[in-house]
Enquirer: 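My questions will all concern the structure given below.
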Number of protein chains: 2
Amino acid sequence: MAIFNDFLRDRRRDELSSEDLQALEASVHAVQNVPARHSLAISKQPIGVSTYLIEGFICRYMDDREGVRQLVAVHVAGDFVDLHGYPLKRLDHDVATLGPCRIALVRHEAIDQLVRDRPNLTKLLWFSTLLDAAMHREWIFRLGRLDAVARVGHFFCEIEAKLRAVELSDGRQFSCPLTQADIGEACGMTSVHINRMLKELRERGLMHMQRGRVTILDLPALRRLSEFDPSYLFIGE
Amino acid sequence: MAIFNDFLRDRRRDELSSEDLQALEASVHAVQNVPARHSLAISKQPIGVSTYLIEGFICRYMDDREGVRQLVAVHVAGDFVDLHGYPLKRLDHDVATLGPCRIALVRHEAIDQLVRDRPNLTKLLWFSTLLDAAMHREWIFRLGRLDAVARVGHFFCEIEAKLRAVELSDGRQFSCPLTQADIGEACGMTSVHINRMLKELRERGLMHMQRGRVTILDLPALRRLSEFDPSYLFIGE
DNA sequence: CGCTTGGTTGACTACTATCAATTTGCGTGG
DNA sequence: CCACGCAAATTGATAGTAGTCAACCAAGCG
């Protein structure tokens, strides 16, 4: 099947035995395609399935009083998007696709069985939810300590590193269906200001973005500007 | 021993069997007192023990280039502060006490055994690390979408709710050793502006803070102002 | 080829940081 | 008990950054 081909790729994947992996594959109960801008889960509702992202981009977000979104995570291929919903039993945020996606659904009863029978796989599933937590922390840092240019730069450094781990970026180019409004929702800024910061990054020769395609011109400089250190992603360990 | 008396209190604690709890207690290898402003763990270093907070306040934080802190979490009694270090094997942030603390240390080999033998306890330990992730998300929301007054208010709403779950707040008063500089490091603001926002909250009759003691004057109004909804803390479920 | 969505720019406003000076509270030692 | 010293809190003046509002442009689609 190879649905989980990208799961934890470059992150402790070797700790997964082939039996563990097979058991994981066997626990999938459906694979489906979902169009862009489509809601996958609503906050506070009890859930009984978790979503693994095979291909595409998914975001998790919360709305403020006026309905303005704050993204709390952006997921790419290989991410177990809402596995945390398994121990939590309900979500504290909404989930939606950004671009068109291909997803696999896993029922929580199936995970129960994995937890009962496979301590090693369990620990890795746990690990993967904690990777998300580590990214959350980095987002807190980004919002709390970086100025506007660095925030945008940092955001793209993260996306780039995540995509590279699953070979969807070569360190120079990758596709990314986010609009400037989406980026604003991720970075706690208005789309107008995102536009200006992208202009600045372009003029500084660091990166540019057009029609869903991001080009990184100077990754080391971009990372320096953004105080980005990828170690929190646990890639290559 | 009753070290874990406050662990997950009011949060699925009932799902813990007494044998599970005993096994957890038995896994503690030391209990110690730590003074205020004391470092407990350094970012990136491999760790083999996790810290459970019996009493006091602990923070987790990251430094920016200039060494300015950004807090990513504040922990109170009953929190398993860095249990996520067990699956991760190293931390992506520093840990330090805020006030004087009493902590219990648990070796990761001991947790290995729990994971092997006790799927139900494992799931609850996993759950507790995901509570932290849910709080991280709320911090992202706070930093990304709230203005200065609401950020401070939201911060105290969270602390109050967490303390109440372990009966350290009665909904009106609690002690809290954070300085205005600490609060600034949590809310992504300067201590000067924190001072002004506290003044505003005081003048609006919502809350005030002096000498490590917080008084909430109008919790519903404070929560409204701060767009605070405690459901992400999973208290009383 | 007009419509709609997303991107771009300018002018102006509002919020928060910065810098600097005081004040307050409290522990220490005379 | 009081004087000193330090850390934390408070306040004012000013600067800088990001938001708001509004208009316009560009690209993709039916």
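Since the model is a prediction, treat every value here as computed from it, not as a measurement. Basis for what follows: all heavy atoms, side chains included, without hydrogens, waters or symmetry-related copies. Below, chains carry the letters A, B, ... as their sequence lines are ordered, and counting in each starts from 1.
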Enquirer: Donor-acceptor pair, distance only, cut-off 3.5 Å: does the side chain of A:Gln70 make one with the backbone of A:Ala186?
Expert: yes
Enquirer: If you draw the axis of the six-membered ring of B:Phe174, does the NZ or CZ of B:Arg164 fall within 45° of it and under 6.0 Å from the ring centre?
Expert: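 Here B:Arg164 fails the 6.0 Å and 45° test against B:Phe174.
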Enquirer: Regarding A:Arg211, tell me which of base, sugar-phosphate or nothing describes its non-hydrogen contacts under 4.0 Å with the strands shown.
Expert: sugar-phosphate
Enquirer: When the distance from CD of A:Gln210 to P of D:dG28 is rounded to whole Å, what number comes out?
Expert: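 Value for this atom pair: 11 Å.
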Enquirer: Can you name the nearest heavy-atom pair linking A:Cys101 to A:Ile58, along with the distance?
Expert: SG-CG1, 3.7 Å
Enquirer: A:Gln180 CD to C:dG7 P: how many Å, rounded?
Expert: 4 Å
Enquirer: Take atom CG of B:Leu146 and atom P of D:dG19, then tell me their distance rounded to the nearest Å.
Expert: 14 Å
Enquirer: So A:Gly188, base contact, sugar-phosphate only, or nothing? Heavy-atom distance under 4.0 Å.
Expert: sugar-phosphate
Enquirer: Can you measure B:Asn195 atom CG to C:dT22 atom P for me and round it to whole angstrom units?
Expert: 17 Å
Enquirer: Taking the nucleotide of DNA chain D with the nearest heavy atom to each, does B:Arg202 or A:Val192 sit closer to the 5' end?
Expert: B:Arg202
Enquirer: Does OP1 or OP2 of D:dA18 have a side-chain N or O of A:Thr190 closer than 4.0 Å?
Expert: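 The answer is no; no side-chain N or O of A:Thr190 sits under 4.0 Å from OP1 or OP2.
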Enquirer: Here's one to test your reading of the geometry: is the NZ or CZ of B:Arg90 within 45 degrees of the ring axis of A:Phe234 and under 6.0 Å from its centre?
Expert: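 Output yes; distance and angle both within limits.
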Enquirer: Rounded to whole Å, how long is the line connecting atom CD of B:Glu200 with atom P of C:dA14?
Expert: 16 Å
Enquirer: Between D:dT10 atom P and B:Met209 atom CE, what is the distance in whole Å?
Expert: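 Spelled out: CE on B:Met209 to P on D:dT10 is 10 Å.
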Enquirer: Which is true for B:Thr179 with a 4.0 Å heavy-atom rule: it touches a base, it touches only sugar-phosphate, or it touches nothing?
Expert: sugar-phosphate
Enquirer: Under 3.5 Å, is there any donor-acceptor pair linking the side chain of B:Arg196 to the base of D:dG12?
Expert: yes
Enquirer: Strictly by modelled atom types, are B:Thr179 and B:Asp182 linked by a side-chain donor-acceptor pair under 3.5 Å?
Expert: yes
Enquirer: Mind calculating the distance between CG (B:Leu198) and P (D:dT11) to the nearest angstrom?
Expert: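 My rounded result for the distance is 11 Å.
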Enquirer: Which of these nucleotides, C:dA20, C:dA17, C:dT9, is closest to any side-chain atom of A:Lys199?
Expert: C:dT9
Enquirer: Closest to the A:His193 side chain: C:dT18, D:dG19, C:dT9?
Expert: D:dG19
Enquirer: Rounded to the nearest Å, what distance is computed from the CG atom of residue A:Asp147 to the C1' atom of nucleotide D:dG19?
Expert: 16 Å
